[in-house]
Structures are given as structure tokens and as C-alpha cells.
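Worksheet: the structure to be examined is printed underneath.
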Amino acid sequence: MRFGFTEDQLLFQSTLRDFLAKECPPATIRALWESETGHDAALWTKLSALGVPGLLVPEAHDGLGRDEIDLALLLEEAGRAALCGPIVSTAAIGAPLLAEIPAPALRERWLPRVASGEARIAVGLPGLRFVSDAGDATLLLLPHADEVHALAPDAVQLVREPASDPARRIFTVSFTASSATRVAAGEDARRALATAFDRAALAAAAQAIGVADRLVDMTCAYARERRQFDVPIGSFQAVKHMLAGVSVRLEYARPAVHRAAWSVARGLAARSTHVSHAKLAATAAARLAARVALQVHGAIGYTWEQDLHLWLRRAWSLDLDAGGEGHHRARVANAVLADGARVGPGETFAGEA
Amino acid sequence: MRFGFTEDQLLFQSTLRDFLAKECPPATIRALWESETGHDAALWTKLSALGVPGLLVPEAHDGLGRDEIDLALLLEEAGRAALCGPIVSTAAIGAPLLAEIPAPALRERWLPRVASGEARIAVGLPGLRFVSDAGDATLLLLPHADEVHALAPDAVQLVREPASDPARRIFTVSFTASSATRVAAGEDARRALATAFDRAALAAAAQAIGVADRLVDMTCAYARERRQFDVPIGSFQAVKHMLAGVSVRLEYARPAVHRAAWSVARGLAARSTHVSHAKLAATAAARLAARVALQVHGAIGYTWEQDLHLWLRRAWSLDLDAGGEGHHRARVANAVLADGARVGPGETFAGEA
Amino acid sequence: MDLSYTDAQQRFRAEARTWLSANVPHAPLPSFDTREGFEAHRAWERKLNAGGWAMVSWPREYGGRGANLLEWLVFEEEYYRAGAPKRVNQNGLFLLGPTIMEYGTPEQRARFLPKIASSDEVWCQGWSEPNAGSDMAAIQATAIRDGDRYVINGQKTWASRGAFAHWTFGMFRTDPASERHRGLTFVLVPLDAKGVTVRPIAQLDGETGFAEIFFDDVSVPVANRLGDEGKGWNVAMATAGFERGLMLRSPARFQHTAARLVGLYRENEATCDPALRDEVVACWMDAEAYALETYRTVSRLLGGGKIGAEASLNKIFWSELDLRMHETALRILGDRADLLAEAPSATGTDDWLDGWLFSLSGPIYAGTNEIQRNVIAERILGLPRS
Amino acid sequence: MDLSYTDAQQRFRAEARTWLSANVPHAPLPSFDTREGFEAHRAWERKLNAGGWAMVSWPREYGGRGANLLEWLVFEEEYYRAGAPKRVNQNGLFLLGPTIMEYGTPEQRARFLPKIASSDEVWCQGWSEPNAGSDMAAIQATAIRDGDRYVINGQKTWASRGAFAHWTFGMFRTDPASERHRGLTFVLVPLDAKGVTVRPIAQLDGETGFAEIFFDDVSVPVANRLGDEGKGWNVAMATAGFERGLMLRSPARFQHTAARLVGLYRENEATCDPALRDEVVACWMDAEAYALETYRTVSRLLGGGKIGAEASLNKIFWSELDLRMHETALRILGDRADLLAEAPSATGTDDWLDGWLFSLSGPIYAGTNEIQRNVIAERILGLPRS
């Protein structure tokens with residue numbers, strides 16, 4: 001029992017943090033917003049050199065062969081940089097889904113190209129209306145009935161759905177399913193899609209933690225600098241207590257996300273409950289952080305030119321990705337209120353054995 | 001259109017306030033707590049001299065013949081004094097129910113005795129488990145199927161249900177209904193009981209306003225006096241903003257209670273919706289006031305000897321009287337979400353014509 | 001207590017309803033934070049004024065119809081019920097107008113009020129400065145007396161509608177040696193004056209909702225001063241009272257939103273989170289409470305009362321309510337909540353997204369809610385200053 | 001990251017479970033804020049200590065079993081799971097004990113710790129004074145050195161369990177000329193000493209949960225001082241860290257409440273407000289989050305980390321959670337929520353009412369949550385002092 005990361009994992013995280021601080025400043029995010037595809041080939045090449053796209057790709061396919069615990073750290077850093085796009089759709093969802101479905105030829109063909117940064121995968125998930133990052137994907141994995149279908153970009157019809165968060169590139173996707181496009185069916189497909197959904201929700205949760213961290217940091221920095229009534233506004237108890245309230249919710253969301261990552265990595269039975277808890281807690285913390293950040297910044301935070309809204313928009317839109325509050329709350333409720341549910345002290349890690 | 005009280009009504013209210021401040025100080029409330037019946041004959045005699053028990057009794061039966069608007073003002077003052085008992089069960093609920101049911105002989109016999117202070121009425125309400133103040137009533141009006149039955153104290157079995165708020169004198173009541181005890185049936189009984197329920201909920205709401213007012217006053221006084229860190233604690237923004245938050249909820253609950261009183265007095269179709277809104281808003285404001293009052297007082301407020309808890313207990317228990325949050329929320333929801341519900345601007349007073 | 005309308009009030013309502021139903025544009029106007037939308041909204045204001053409905057509570061000589069505040073509430077109800085356009089000149093109509101009525105000379109009233117009513121002159125407020133936000137007494141922009149003129153220098157910011165407005169009103173330091181709220185004077189400045197530079201600022205929604213205004217030796221006649229020299233703080237506080245208080249945010253606005261929210265919930269009830277039912281109902285009750293409290297206040301004012309620090313209660317209540325209603329609407333919309341209007345799947349999402357973005361500014365503008373809580377604590381509850 | 005228990009930890013859990021299941025009293029003990037209940041709880045503590053379970057993380061020589069903090073968490077889980085009694089000597093076990101371990105001399109450890117473990121000596125804290133609540137540095141009670149003794153005068157208040165406890169620990173001003181947090185010394189005082197008067201104070205629930213303690217020329221040996229003279233603030237801060245931090249409120253306590261809340265909801269699901277379902281689930285998640293964060297903290301401490309200002313985060317989180325869980329339970333109980341245990345209709349209401357009344361004190365004791373928010377803002381977030 002050790003609830004914490006290895007030196008190696010922490011080094012991986014700080015390397016990413018430094019890399020993104022340097023290579024992915026707000027100006028880059030704004031350029032991605034303005035771009036046609038929301039994807040920056042140069043940045044992706046550099047991320048690929050770090051192994052990011054292939055983080056969850058088995059080493060046999062030229063990936064790093066890491067698990068969802070490393071993934072959570074990666075995505076916290078992505079959130080901290082307000083970066084999304086293929087770092088989520090490909091590295092966090094597409095690659096591991098591809099690795100899981102029983103289609104060896106497909107894996108052989110695509111996984112090395114994911115790891116090299118050459119291919120980007122967009123994934124449709126059961127129950128979700130939109131597909132993220134479909135506009136720039138080289139491969140689409142899409143659900144149809146209880147099957148998974150693999151499609152080339154020219155075999156699908158995409159309709160872009162512009163959103164308030166320009167980083168959220170979502171599409172309505174239609175395609176003709178056939179036996180030629182089917183790559184998994186039945187229980188295999190159901191299991192793979194369910195795990196992919198959990199990974200998507202975990203990805204949103206982990207990003208939300210990074211987003212909330214960054215919002216707190218930016219807002220504290222502003223509150224230390226900005227003076228009114230001849231003192232820094234951060235010396236007012238109203239400001240202090242709002243920010244302290246964010247910290248409380250954030251610091252108790254963080255371990256829920258890390259635990260969910262562990263549960264997905266180990267394929268635990270309670271995985272979905274843990275993921276839903278993590279998503280609810282992390283996106284709620286991020287939303288609260290956004291609310292307080294904007295209130296403390298005041299009018300300056302309400303402008304397009306100030307960078308704050310890069311993270312505000314992420315905090316708001318992560319909540320909408322990979323299942324909303326109601327869906328995740330119902331998943332936890334169904335588990336916790338079920339007959340024979342084991343919910344008391346000593347049960348938290350009882351399923352790990 | 002005039003949303004406010006007459007000079008006469010305001011004088012009535014301030015007279016009551018002065019009277020209760022003098023005749024019903026915390027020591028009296030504590031004595032009522034300790035007493036067998038929760039009823040103080042001497043105080044009741046003085047209140048009777050002011051006309052309180054017969055406030056809603058028609059003048060023809062020696063009452064003041066006033067309506068629920070005056071009643072709301074009376075009960076705000078009762079709340080401010082932490083006084084309940086027959087001022088609620090008899091004056092607010094029992095007397096007007098008696099006046100409404102089509103049983104002239106019963107009215108002739110009891111209403112003058114209510115007005116004189118000689119009789120006290122306890123009322124059972126449909127859907128409610130307990131009957132308040134039954135232990136000291138001279139007459140009980142109890143629902144049975146869709147009928148109202150009138151019973152003498154010796155014809156009912158009472159089981160006292162001790163509650164955390166010693167001012168809340170509640171009983172489980174059982175009795176044998178017969179044609180001899182029946183005083184109303186069918187639509188008459190249903191309508192009378194429904195109005196009685198609304199009056200009971202209005203009574204709780206009006207008391208809650210008075211309770212919240214008093215809690216805010218006491219807490220502000222304490223925050224001005226109590227010093228920590230060499231300044232009055234009321235100068236800390238944390239304390240200020242908590243109390244300001246209470247004020248906001250309280251000042252927007254108050255007019256909802258006054259409007260509900262008007263609607264009950266006029267028997268408007270939307271009466272029940274207005275009463276439920278009033279009860280929800282007023283008890284929520286009182287609960288918030290209690291929460292903040294205790295937090296600002298700190299440990300001293302957590303003692304039995306400090307008077308604060310006289311009002312804390314009222315704030316907590318009024319929420320439980322006359323239908324809980326879920327019941328009242330459902331009543332409003334059913335009205336607002338109904339087909340053809342008129343809910344937009346210009347509809348607030350559309351039903352008064 | 002009498003919560004029924006008089007026959008005269010009913011007739012007034014009927015008249016307003018009839019006129020609005022005949023005249024309100026069928027299609028929504030473009031946003032008034034674009035040049036095109038700004039002019040479309042001015043055209044609507046001119047039509048409204050021609051019908052005598054621009055500001056019903058003003059005297060007839062200034063373009064009103066001499067209605068009392070209750071009738072004004074009734075008019076607002078009909079206005080929102082009709083789905084009529086937003087008021088592009090709200091700063092002129094609801095803030096500056098009442099201030100000129102109270103502090104202006106007869107000449108100023110005659111000069112300015114009719115053009116406010118007609119929106120021939122659209123106003124923005126010029127109060128905030130980069131270093132004077134919540135701390136408005138930290139104003140640094142100066143208006144130095146030079147004979148019968150003031151020469152203005154400095155910078156104002158967060159002027160809503162500033163990008164297209166014709167005039168601004170604000171406080172300037174006429175006594176450069178003064179500190180805090182002393183030595184300030186309320187001055188009206190035409191934005192086409194020499195030395196004025198307006199820099200539009202893009203908002204969260206991408207539109208240029210507000211502007212910075214730079215003053216470089218801008219000369220205005222002393223006749224543009226409202227109230228006495230050095231007494232600008234008092235004049236501004238009266239204006240702020242109007243803003244936070246009655247006029248800027250009439251209950252009808254929020255009741256209209258609440259009714260739309262009820263409709264949205266009913267449309268999506270089968271698919272949305274069931275917990276939202278309680279939220280929708282709570283929002284409706286709060287909108288209703290805001291109306292009730294406003295009728296109470298208006299009754300008090302008609303009886304000779306004054307509006308005071310309790311305007312701070314209003315500000316907090318409506319701004320939190322507006323935010324909560326829009327948040328609830330977005331939660332009902334679920335994964336479609338942040339679709340822009342042009343998104344193919346945005347049918348039925350109406351303008352909830354834009355409304356929500358705007359509602360986020362509610363707890364900030366017109367004095368942050370933190371400042372309002374200080375006011376409530378100190379001026380209503382009598383708690384000591386820090 | 002490894003979230004599975006070792007075999008040794010599993011065996012430890014099994015051993016604790018077996019012992020507790022054989023020894024935990026079948027019927028609840030009377031409240032430890034009555035004389036009878038106090039002694040019944042002491043008897044239970046003696047049994048616990050005889051089994052070696054009083055304080056598993058202490059060294060064996062002081063009555064513990066040398067377990068590490070992870071095992072302590074496991075023990076707490078089993079303790080609450082078994083429904084075992086509240087810890088009457090929690091101030092001694094969880095606050096003073098660790099402080100003596102850190103600041104005490106070998107003699108003090110040998111003298112005090114075993115009697116804490118056995119509850120032969122039950123402790124109350126003597127920190128607050130009438131004028132030193134949130135502002136603990138305003139302490140006025142004095143302990144004046146006289147040779148090898150301190151002579152103590154003054155008053156302490158809000159001493160939980162003070163009515164029946166044997167000893168108190170607290171800060172006293174040893175330098176009468178000193179101000180604020182300087183010149184304070186941490187002293188242990190037997191409550192049967194000459195000159196000590198204990199006045200029980202009745203709480204909201206009517207029980208004498210706390211007491212005032214008056215000191216009138218009370219003489220104690222210098223050996224009763226913990227840490228250096230004048231350094232009491234540092235010693236006390238360490239104690240406060242234990243209180244707010246790990247020990248006083250182990251996650252099992254709240255997970256036990258959350259599990260009971262889940263059960264209560266399931267029993268009443270058919271009749272209670274459906275909105276409560278979400279509340280119950282939210283409470284369960286927060287209790288789970290508190291456990292997760294505690295395991296994370298313990299892992300960090302076992303790796304050599306220290307507990308610092310983040311203890312203030314804990315304090316806020318568990319106190320708000322505890323309140324919310326009990327409020328939710330009362331809302332489930334509806335009109336039976338405030339029935340006393342002796343009420344005929346109180347079946348199935350368990351002790352939720354008492355638990356709720358106690359939970360109300362959570363945001364107040366151990367440093368108000370307002371003080372904790374200041375600590376978080378200043379020491380974790382780096383915001384400037386006021």
C-alpha cells in the first residue's frame with residue numbers, strides 16, 4: 001500500500017510540465033484555436049519525440065508501454081497548459097482502445113504509427129453525441145450497435161459543431177457500417193468501449209485537475225499583485241476564503257483522480273464508480289476554481305485578451321465531455337445504493353486484492 | 001396595488017413586539033420549556049386581553065375578525081420571541097378552522113371561548129404524523145378519512161413525543177371516529193383541512209421570519225461586542241459576508257410570506273403555491289441564519305445557558321412543522337411545471353383580480 | 001395590502017401590450033455589441049420613443065408619459081413578455097437619466113433627456129479606471145478648470161457600449177491635490193470631442209462589449225458638469241443606487257428568463273438529470289421573490305420612502321439568480337451547452353450560452369458582490385468598518 | 001502507486017477484527033458526558049488497552065504495539081466498522097500523546113503515556129480562555145515560576161470532557177510582560193490540585209460536555225512543563241496539527257457515518273424527498289475522498305514527509321462533510337428528525353440527532369474554519385496577511 005507516485009513518474013510529470021511551459025504557452029493555444037484543425041504538427045512532433053502519443057502503446061509496438069497512472073499525470077499537465085486535441089483523443093483514448101480490441105492486423109498497422117506521431121485516432125463512444133478531434137484524425141474508431149468499426153477519414157461524413165471553447169473540436173459523425181469496417185463485436189466490443197468511456201472520463205478528470213491548479217495559481221498571483229484600497233486584494237478575507245474554498249475541493253478531488261487511474265490501470269471491478277467519482281469531483285473543483293478566478297480577476301478576467309479564459313473555457317467544457325454530471329452521479333448512485341454494496345470503513349481498497 | 005401594511009397593522013405589530021419583549025423574555029420561554037404543558041396561563045390571559053387568540057375569530061363571536069395578513073405579523077413577533085404553543089395552534093390554525101367548518105353549534109359554543117382565552121384548540125392535519133399542543137387543548141379537531149372530527153381531551157389517546165426543541169409539543173393522537181364526533185365531511189371537510197394545512201405552513205413561515213430576524217440581530221450585536229485580535233469580530237470580512245448572505249436570503253423570503261398571507265386571506269387559487277414558496281424561503285433563511293449565528297458565536301453559542309439556542313431550535317424545528325421541504329417543493333413544482341401554467345412576467349398578481 | 005391592479009393599471013398594461021405586439025421586431029436583432037446591431041437597436045429605440053414608450057416614468061416633456069413606478073413595472077413586464085430587444089441606451093435611460101432628473105439644471109434636462117429617450121445620443125459610463133475598480137475613490141483622471149471649461153486627461157475603462165456610444169458620463173478629479181472621494185466632479189463628455197480615443201475591448205464572448213477611453217487634453221464646457229464641483233461622489237452614489245437598485249434590472253427580466261427556463265426544462269425533462277427539476281423550481285421562486293420585493297419597494301417609494309443601502313441586497317440577489325438560472329439551463333442542455341449558435345446541433349439551445357456568459361459578469365459589474373456585502377454589513381447590519 | 005494491502009497488513013486487520021468482534025460491547029454505552037457514561041467508557045478503554053489496542057501506533061513500552069500509521073488507519077477502520085465506543089480520552093491519546101512523544105522528556109513519556117493508554121488518567125485540553133478563542137495568542141492565564149514550581153492563576157474554558165477529566169494541558173503565560181505568542185509555556189495540570197475549580201457547562205444537547213476551569217494559586221512542579229519555557233506556542237501548534245490533521249478524525253469515522261447514511265436512505269427511500277438521493281451519494285463520495293487523501297498523506301509521512309498547513313484543509317473538509325451527512329440524515333427522517341431517543345416514534349432515528357448537534361460544533365472547535373481558511377490562504381496559497 002503506497003498512495004503516491006514513483007520518482008520516475010514524478011520526473012516524467014515535471015519534464016512534461018517544463019516542456020509544455022516552454023513549447024505550449026498561451027500564444028500557442030490561441031494559435032491552435034484559430035487554426036483550421038486545432039492540431040499543431042510541429043508541437044505534435046515534439047510531443048512524439050517525448051513518447052506522448054504512444055504512452056499507452058505497448059513497447060512491442062514502439063510505444064512506452066505505460067499505464068493510466070502515467071496517463072493521468074500527462075493529462076494533468078495538458079490541463080495545466082490548456083492543451084487538448086490528439087493528446088487526449090489519440091494518446092489517452094484512441095491508442096489504448098486500439099490496443100485492446102482483438103484485431104491484430106489493425107494494431108500492427110496503426111499502433112507504431114501512433115507511437116511515431118504519424119497517426120491520430122478519433123474515437124466515438126457509446127451514448128455520446130459528438131466525436132472529438134475527428135476533423136484531423138487519420139483513423140476513426142466508431143461504435144455501432146455493440147460493435148466497433150474502424151474507418152478512414154474519407155469513409156465518414158463529418159459535421160463540425162463549433163463550441164464556445166475553441167479547444168473543443170467536436171463533430172457529428174455518420175458512416176455506413178459494414179462487415180468490412182467492423183473490428184470488434186459482442187462482449188469484446190462492449191468491454192473495450194466501456195473501458196474507453198472510462199478512460200475518456202478519467203482523461204477529462206485529470207485535465208480538470210491541471211486546469212484547476214493553473215486557475216488557482218494565476219488567481220493567487222493576480223491577487224498578490226492587484227491593489228485596491230491601497231492593499232493587495234489578496235489580503236482581503238473575502239478573496240482569501242473564496243480561494244481557500246477552491247483549494248479544499250481541489251485537494252480532495254486530486255486523490256480521487258489518482259485512485260481512478262489506478263483502478264482503470266488494474267481493471268478493477270469498481271473502476272467505473274471510481275472514474276465517475278473522480279470526474280464529478282475534479283470537474284466540480286475546476287468549475288468552482290473558474291468561478292472564483294473570474295470573480296477575483298473582475299472585469300480584466302472577462303476580456304478576450306487576458307489569458308485567463310483559456311483555462312475558464314477548459315474548466316467549463318471538460319464538464320461536458322465524456323458524460324455529464326447526471327450520468328456519472330447515477331453510476332455512483334447505482335453502485336453505492338445497490339443491495340450488498342460494500343460501502344463502509346475498510347472497503348475503500350477492498351477490491352484491489 | 002399596494003404591497004405594504006396599513007398604519008393600523010404596523011401599530012398592531014409593534015404593540016405585540018413591545019408586549020412580548022416585556023412579558024415573554026428568554027426566562028419565560030425557558031420556564032415554558034420546563035413546564036408540564038408548555039403553556040403559561042398567565043401569559044395566555046394577557047395575550048387574550050390583547051385579542052390574540054381571537055385574532056381570526058369573527059367579531060360576531062367576540063373575536064377581532066382580522067385576517068391572515070394580521071396573523072402573519074402576529075406570528076413574526078411570536079417567532080421573534082421564540083414563543084409558540086397555542087398562539088400558533090389555537091389562534092392561527094384552530095380558530096379559523098373552527099370558523100370555517102359548517103357546524104354552527106360548535107362555532108357558537110367554542111369560538112367565544114377561544115376569543116376569551118378560555119379554550120385552546122389542537123388541530124390534526126392530513127398527511128402529518130403529529131399533532132402540536134394536543135396535551136393542553138380543550139378541544140381537538142382531527143382528520144379522519146375526508147372528515148373532520150371534534151373531540152374533547154378525554155376522548156383521545158395522546159402519546160407525547162419529546163423533541164429536541166422543547167417548544168415543540170407534539171403528540172401521536174388516536175381516537176375513535178363516530179358520527180357523533182364528525183363535524184364536517186366531503187368537500188367541506190377537504191377544503192377546510194386544505195386551508196388549515198396552508199395556514200399551518202404560513203404560520204411556520206411567518207414565525208421563521210421572526211426567528212431569523214432575531215438571530216441576525218443577536219449575532220450582529222455579538223459581533224459588534226466580541227473582540228478577538230484586538231478588534232470586534234464583526235469587522236472581519238468573513239463575518240460580515242456570512243451575515244450579509246443571511247440578510248439577502250431573509251429579505252427576499254419576507255415578501256413571499258406576506259404575499260402568501262394575502263393569498264390565504266383572499267382564498268386565491270394559487271394560495272397553496274404561494275404558501276409553499278413562503279415556507280421554503282422562510283425556513284431556508286431561518287436555517288441559514290441559525291447556521292451563521294452559531295458559527296459567529298462560536299463555543300458560547302453552543303451552550304445551554306446562552307439564550308441563542310432558544311432561536312436556533314425554533315429555526316431548526318419550524319422546518320419540520322406543517323410539511324417538509326420535499327412536500328412543499330413538490331407542490332410548487334407541480335404548479336409551475338403544469339401544462340398551461342402561467343409563470344412569466346406579469347403573472348405574479350394575475351390571479352388576484 | 002392590496003395586491004390587485006387598479007383598472008387604470010390594467011388599461012395601461014393592455015395599451016402597452018397592444019402597442020408592443022404590433023411593433024416588436026419579429027426576428028431577434030443582431031447583438032448590440034456589433035456596429036450593425038447597435039444601429040438596429042437604436043432604430044428600435046427611436047420607434048419605441050415615437051410610440052411614447054422609451055421611458056414611461058419620465059415626464060412627458062422629456063419623452064416619457066408621466067407614469068408612476070408601478071406602471072413602469074407593468075410596462076417592463078409587458079416589454080419582456082413581448083420578447084422586445086435589449087435596451088442599447090440603458091446607461092442613459094436607467095442610470096444617467098434619473099441622475100440628471102435629480103441633479104441636473106433645467107437646461108441640462110432639456111438638453112440631454114429627450115436625446116436619451118430617443119437614443120439619438122447613446123451613453124456609456126466612464127467610472128472605472130485601471131486602478132479604480134472596486135476602489136472607485138482611487139480615480140486619477142483629472143478635469144482641470146480653465147475658465148468656463150474643463151480640460152480632461154486620463155483613462156477610463158470597462159465602458160459597456162463604449163465602442164459605439166456617443167457620450168460618456170463619469171467622475172474626474174477637479175482638485176488634483178484631493179484624495180479619495182473628495183475633489184471629484186461628475187462630468188458629461190462627448191466621445192467625438194478632440195483628444196478622445198476609444199479602444200474597443202473584446203469580451204469573453206468575442207464581442208466588443210466594452211471599451212477603454214483615453215482623454216488627452218479634452219476640453220468640455222463647465223455646463224457639462226452635473227451637480228456641484230467636488231461633489232461628484234454624491235452624484236455618482238445616487239447613480240449607483242439606481243443601477244444596483246430598481247431600474248437597471250427590473251424583475252420582469254428575470255421572470256422572463258425563469259419562464260423560459262421552465263419551458264426548456266419541460267422540453268428536455270425526459271432526458272436531462274432529474275435533479276434539475278428542483279433547481280428550475282428554486283429559480284422560479286427566486287425570480288418571483290425578486291418581483292415581490294420590488295413591488296414592496298415601489299409601494300414604499302410611492303409612499304414617500306427612499307432607496308438606500310438595501311439596493312446592495314438587490315444587486316446580490318439578481319446577479320446570483322441570473323447566474324443560477326443560466327447555469328441550470330446549460331445543465332439541462334448537457335453536452336450541447338457550449339455549442340455556438342451556428343452549430344448544426346444547436347437547435348433548441350436558444351441564446352442560453354450567450355446569456356450565461358453575460359450572467360457571469362453580473363457579480364462583477366455595478367460594484368462587485370463583495371463590495372455589496374460590505375455595504376450590507378456596515379450600513380444595514382451596523383457592523384464595524386474594517 | 002500500489003493500493004493493495006500487504007499480507008502483513010491484512011493479517012493485522014484480521015487480528016483487530018477478531019479481537020473487536022469478541023470484545024466490543026453489544027449495547028451502546030451511555031454518553032461519556034455523563035458520570036456513568038464516562039466511567040463506562042473508561043472501563044472500555046482499560047479493556048482495549050489490556051488487549052494492546054488502545055493506541056496501536058505507540059511503542060510497546062508505552063502501551064502500543066509499534067504499528068505504523070497505515071496500520072493505525074486499518075485499525076481505525078476496524079474500530080468503526082465494529083461500532084466500538086467513542087474514545088473518552090481522545091485528547092490524551094490523539095493530541096497530548098503525540099506531543100509528549102515529540103517534546104517530552106524520557107521521564108515524562110514514562111510517567112504520562114502509559115496512563116493515557118490505559119485511561120487511568122483522562123485528559124482535557126485547557127487552551128481557550130474567555131478572551132482567547134480564535135485568537136489563542138491572547139491567553140492571559142499565568143504560570144509564574146517560583147523555584148522548581150509554577151504558580152498558576154487564571155481561567156480556561158470550553159474544555160471538552162473537563163467535567164470528569166483528571167488532567168488538563170494548556171498554555172500559560174510564564175512571562176507576564178510578554179505579548180501574543182511569546183512568553184507562553186505548555187504545562188500539564190492535575191485537576192485535583194489545590195486551587196483548581198471545575199465548573200461544568202451544559203451544551204446544546206443538555207449534557208455537560210465541556211467545562212470552565214479556574215486556577216487560583218495552583219502550584220505544579222516544573223517537571224510538568226512540556227518543552228521549553230516560553231516555547232509553548234510551538235508545542236501547542238504541533239498539538240493543533242495533530243488535532244486538525246491526521247489523528248483526531250480518522251477517515252473511518254466518516255466512512256462509518258456515510259455507510260449508515262446510505263443504509264438510512266435505503267430504508268426510507270420510498271417516502272423521503274427524492275432529491276436526497278444525490279446528497280447521500282455526494283456524502284459517500286466525500287467520505288471516500290477523505291479516506292483517499294488520508295492514505296496519500298500517510299504514504300507521504302511514511303516516506304519521511306511532514307504534515308504542515310494542509311492540516312487546515314482536512315479540518316474544513318471533515319467538519320463540513322460531517323455536518324452535511326448529518327443534515328442529510330435529518331432530512332431523510334423528516335418530521336421525526338428532532339425526536340429525542342425516548343420518543344415513541346423515534347424508532348429507526350438512531351442517534352442522528354445527537355450526531356448532528358455534535359457535528360454543528362465541528363466548524364468551531366479545533367480552530368474555527370474561518371481561521372483555517374486564513375491559514376490555507378496565507379501559508380499554502382501565499383496570499384498576503386491582512
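Throughout, protein chains are lettered first and strands after them, A, B, ... in sequence-line order, and every chain is numbered starting at 1. The figures here come from the full heavy-atom set of this structure, side chains too, leaving out hydrogens, waters and symmetry mates. No experiment lies behind these values; they were computed from the predicted model shown.
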Exercise for review: Select one option (side chain, backbone, both, neither) describing which atoms of Leu243(A) are under 4.5 Å from chain D's heavy atoms.
Suggested key: both

**Study point:** Top contributor to chain D contacts, counting heavy-atom pairs under 4.5 Å, from His241(A), Arg254(A), His258(A), Arg342(A)
**Key:** His241(A)

Review point. Which one, Thr6(D), Ile316(D), Val74(D), Asp278(D), leads in non-hydrogen pairs under 4.5 Å with chain A?
Key: Asp278(D)

**Study point:** Atom group of Ile233(A) that falls short of 4.5 Å from chain D, counting heavy atoms
**Key:** neither

**Study point:** Pairs of heavy atoms under 4.5 Å with chain D: top-ranked of Ala256(A), Ser276(A), Ser247(A)
**Key:** Ser247(A)

Study note, to complete from the structure: Nearest heavy-atom approach of Val248(A) to Phe317(D) is CG1-CD1, 3.8 Å

Revision key, fill the gap. Value for CG (Asp2(D)) from CH2 (Trp262(A)), rounded to nearest 0.5 Å, stands at 4.5 Å

Review point. Quick one: of Ala341(A), Ala333(A), Gly344(A), who has the most non-hydrogen atom pairs under 4.5 Å with chain D?
Key: Ala333(A)

Practice item. Report, by ascending residue number, the residues of residues 261-272 of chain D in heavy-atom contact with chain A at a distance under 4.5 Å; give 'none' if the set is empty. Key: Val262(D), Tyr265(D), Arg266(D)

Exercise for review: Flag the one option from Leu73(D), Leu302(D), Leu313(D) with the top tally of heavy-atom pairs under 4.5 Å to chain A.
Suggested key: Leu313(D)

Check your understanding: Does any heavy atom of chain A fall under 4.5 Å from the side chain of Arg253(D), the backbone, both, or neither of them?
Key -> neither

Exercise for review: Check whether any side-chain heavy atom of Tyr295(D) sits under 4.5 Å from a side-chain heavy atom of Thr348(A), and report yes or no.
Suggested key: no

Exercise for review: Kindly indicate, with the supporting measurements, whether the criterion side chain to side chain contact (heavy atoms under 4.5 Å, CB included) is fulfilled by Gln255(D) and Glu347(A).
Suggested key: CA-CA 9 Å; Gln255(D) 292 182 293; Glu347(A) 301 294 347; over 6 Å; no

Point to revise | Which portion of Glu378(D) sits near chain A, non-hydrogen atoms under 4.5 angstrom | key: side chain

Exercise for review: Check each atom of Val231(A) against the heavy atoms of chain D and say whether the ones under 4.5 Å are side chain, backbone, both or neither.
Suggested key: neither

Exercise for review: Could you tell me which portion of Arg296(D) (side chain, backbone, both or neither) has an atom closer than 4.5 angstrom to a non-hydrogen atom of chain A?
Suggested key: both

Check your understanding: Roughly how far apart are Ile380(D) CD1 and Glu251(A) CD, rounded to 0.5 Å?
Key -> 7.5 Å

Practice item. Pull out the residues in residues 284-294 of chain A that come under 4.5 Å of chain D, heavy atom to heavy atom, sorted by number. Key: none

Revision key, fill the gap. On a heavy-atom basis, the closest approach of Arg224(A) and Leu383(D) is CG-CD2, 4.1 Å

Review point. Tell me, side chain or backbone of Asp339(A) under 4.5 Å from chain D's heavy atoms, or both, or neither?
Key: both

Review point. In terms of heavy-atom proximity below 4.5 Å to chain A, should Leu381(D) be classed as side chain, backbone, both, or neither?
Key: both

Point to revise | Leu292(D) side, atom CG; Arg259(A) side, atom CZ - distance, nearest 0.5 Å | key: 4.5 Å

Check your understanding: Under a 4.5 Å heavy-atom cut-off, does chain A meet the side chain of Glu293(D), its backbone, both or neither?
Key -> both

Review point. Is chain A contacted by the side chain of Ala258(D), its backbone, both, or neither, given a heavy-atom distance below 4.5 Å?
Key: neither

Exercise for review: For each of Pro384(D), Ala259(D), Ser386(D), Ser299(D), tally heavy-atom pairs with chain A at distances under 4.5 Å, and name the one with the top tally.
Suggested key: Pro384(D)

Point to revise | Euclidean distance, Met1(D) CE relative to Leu73(A) CG, rounded to 0.5 Å | key: 7.5 Å

Check your understanding: Can you tell me how far CZ of Arg249(A) sits from CD of Glu320(D), rounded to the nearest 0.5 angstrom?
Key -> 7.5 Å

Review point. If you measure from CZ on Arg329(A) to CZ on Arg277(D), what distance do you get to the nearest 0.5 Å?
Key: 10.5 Å

